[in-house]
2 protein chains.
Amino acid sequence: MVPFEIEGDGPSRRRLILAEATRIFLEKGFSATAMSEVAKASGIQKASLYHHFPSKEALFVACATNGFADALADLEAIRNDPDLGDDDRLRRAVDAVYRINLDSACGQMAPLIAEVSRTIPTVARAFYEGFIYKQHIVMGGIIDDGLARGSFVTRERLGLEQMIFGPIVSLALEREMFAAFDDVDAVRPVDQIREEHATLLLRLMKGDTETTRATRVPKGAP
Amino acid sequence: MVPFEIEGDGPSRRRLILAEATRIFLEKGFSATAMSEVAKASGIQKASLYHHFPSKEALFVACATNGFADALADLEAIRNDPDLGDDDRLRRAVDAVYRINLDSACGQMAPLIAEVSRTIPTVARAFYEGFIYKQHIVMGGIIDDGLARGSFVTRERLGLEQMIFGPIVSLALEREMFAAFDDVDAVRPVDQIREEHATLLLRLMKGDTETTRATRVPKGAP
DNA sequence: GTCTATACAAGGATAGAC
DNA sequence: GTCTATCCTTGTATAGAC
């Protein structure tokens, strides 16, 4: 019933509630989710929910800050794999970021965080520091290593990071926006986009800067 | 009080309600917005709201589908300006897409559409067809013209479009996510990102493909 | 078109027995 | 830890006078 794992080894009842609540929050949003529905899905009475979580807000925070470590594990393993060349490492890291943001529960949380950002600011902070920022750190390390080894050549570090994460984060948002469409993939075919995205990124990072600069000044050139 | 214009020349009271409702929806989301608050902000009684809009849902649909034409006008003018070179045209179009998605009310609606996508599917469809799809069409036309004139060289059209819109759409989402932060621009400095983004895009489209392919096979090279 | 008053449902949260 | 029962607030929406 729940398509993802809830991490931790606490009491199983609590974990079941977290899983069901996460699923319903993702489907309906924070405000539109009723505690009674979470209770029903978890097979207990509404009042019993309040034994495990003191409030709806606390339940949401628990859902929204759960599973960070699991979701990021793949990416960190790729960063530390000594057998990978820099190009392969980057390509695999991009694939991992797609999985993290499109397939994991945390990734799908992003639009929800936007919804509650002003009423529960702490959850936005936790989401940023524990999930988003860490992805940028790991990816930044991969790029830095490639630069140091001469595999990559690039200025515009900030713009480059945005061109790595932006297309992926926007895909996650658009999936939610078009969730009611008959076939979401017709609007945004993820597999094809992912392939072309990685190809374009590598082309940007393989150091065509000199030739580009040369071809861009035809005016004064002889 | 309301930072953007509501288009149309209907009764001013209706336009005032639309403007205030849009502002509050953007700040609190759909479910968390109360009709009583919209009424108070508009200076009328709650019951009077229902004379202008039959339901909260209808009010939201009106807000979410208002102002498309105004928001897109700049971009369409840039596409049709005969005095622009292709590179300048692209750069200005990118700037326009930043303004459209970050500064206009419609652009800021995106996370909200995600929130209500499943409960009001019609609004997601209207938003896609009237706002998102049209931006892609215009930008696609600009790219096609540049390709036809030989100003641009690129395969991976789909990936390229995602690399144009993705970083911008994700910025809009992240602005909402980090709305409660002290200084959002510290997390994502929009001005710098926009400049680097446009530069990287132009580099991708200026046809370094041959040289890139040449430098990418150093193994067999002497 | 705007108001006052109200119907009616649903939601979050608590009390207290077992 | 879980239950039943209940409190209290808020929300959408309507009725009907002016």
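Below, chain A is the first sequence line, B the second, and so on; all start at residue 1.
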So side chain to side chain donor-acceptor pair (under 3.5 Å) across residues 123-135 of chain A, not counting sequence neighbours, yields A:Asn101-A:Gln135
Hits for side chain to side chain donor-acceptor pair (under 3.5 Å) against B:Glu76, two or more places apart or cross-chain, chain-then-number order -> none
To the nearest angstrom, the CD1-P distance between B:Ile17 and C:dG1 comes to 10 Å
Kindly give the atom pairs (protein nitrogen or oxygen, nucleotide nitrogen or oxygen) under 3.5 Å for nucleotides 3-5 of chain C.
| unit_1 | atom_1 | unit_2 | atom_2 | d |
| --- | --- | --- | --- | --- |
| C:dC3 | OP2 | B:Gln45 | N | 2.7 |
| C:dC3 | OP2 | B:Ser48 | OG | 2.9 |
| C:dT4 | OP2 | B:Gln45 | NE2 | 3.2 |

For B:Tyr98, the side chain to side chain donor-acceptor pair (under 3.5 Å) test, sequence neighbours excluded, returns B:His197
In numerical order, the residues of residues 28-38 of chain A whose heavy atoms come under 4.0 Å of DNA chain C are A:Thr33, A:Ala34, A:Met35, A:Ser36
In numerical order, the residues of residues 52-63 of chain B whose heavy atoms come under 4.0 Å of DNA chain D are B:Ser55, B:Lys56
By salt bridge (Lys or Arg N to Asp or Glu O under 4.0 Å), A:Asp145 pairs with (sequence neighbours left out) A:Arg79
Residue set satisfying side chain to side chain donor-acceptor pair (under 3.5 Å) with B:Lys28, at least two apart, ordered chain then number -> B:Glu37
In short, salt bridge (Lys or Arg N to Asp or Glu O under 4.0 Å) pairs touching residues 38-57 of chain B with sequence neighbours left out are none
Under-4.0 Å side-chain N/O to phosphate OP1/OP2 contact, A:His51 with D:dG1
yes
N/O donor to acceptor pairs below 3.5 angstrom from side-chain atoms of residues 163-187 of chain A, sequence neighbours left out:
| unit_1 | atom_1 | unit_2 | atom_2 | d |
| --- | --- | --- | --- | --- |
| A:Ser170 | OG | A:Gly166 | O | 3.3 |
| A:Ser170 | OG | A:Pro167 | O | 3.1 |
| A:Ser170 | OG | B:Gln162 | NE2 | 3.4 |
| A:Glu174 | OE1 | A:Arg188 | NE | 2.9 |
| A:Glu176 | OE1 | B:Arg118 | NH1 | 3.1 |
| A:Asp183 | OD1 | A:Asp185 | N | 3.1 |

Residues passing the side chain to side chain donor-acceptor pair (under 3.5 Å) test with A:Asp86, sequence neighbours excluded, are A:Arg149, A:Ser151
ring-ring contact (aromatic ring centres under 6.0 Å, His included) pairs touching residues 33-52 of chain A, sequence neighbours excluded, are none
Rounded to whole Å, the CG-C1' distance (B:Leu49 to D:dG11) equals 13 Å
Separation of D:dG16 atom P from B:Tyr50 atom OH, nearest Å, is 18 Å
Margin query: Can you confirm whether B:Arg92 is buried at CZ, in the sense that more than 12 heavy atoms of other residues, nucleotides or ligands lie under 6.0 Å from that atom?
Written below: no
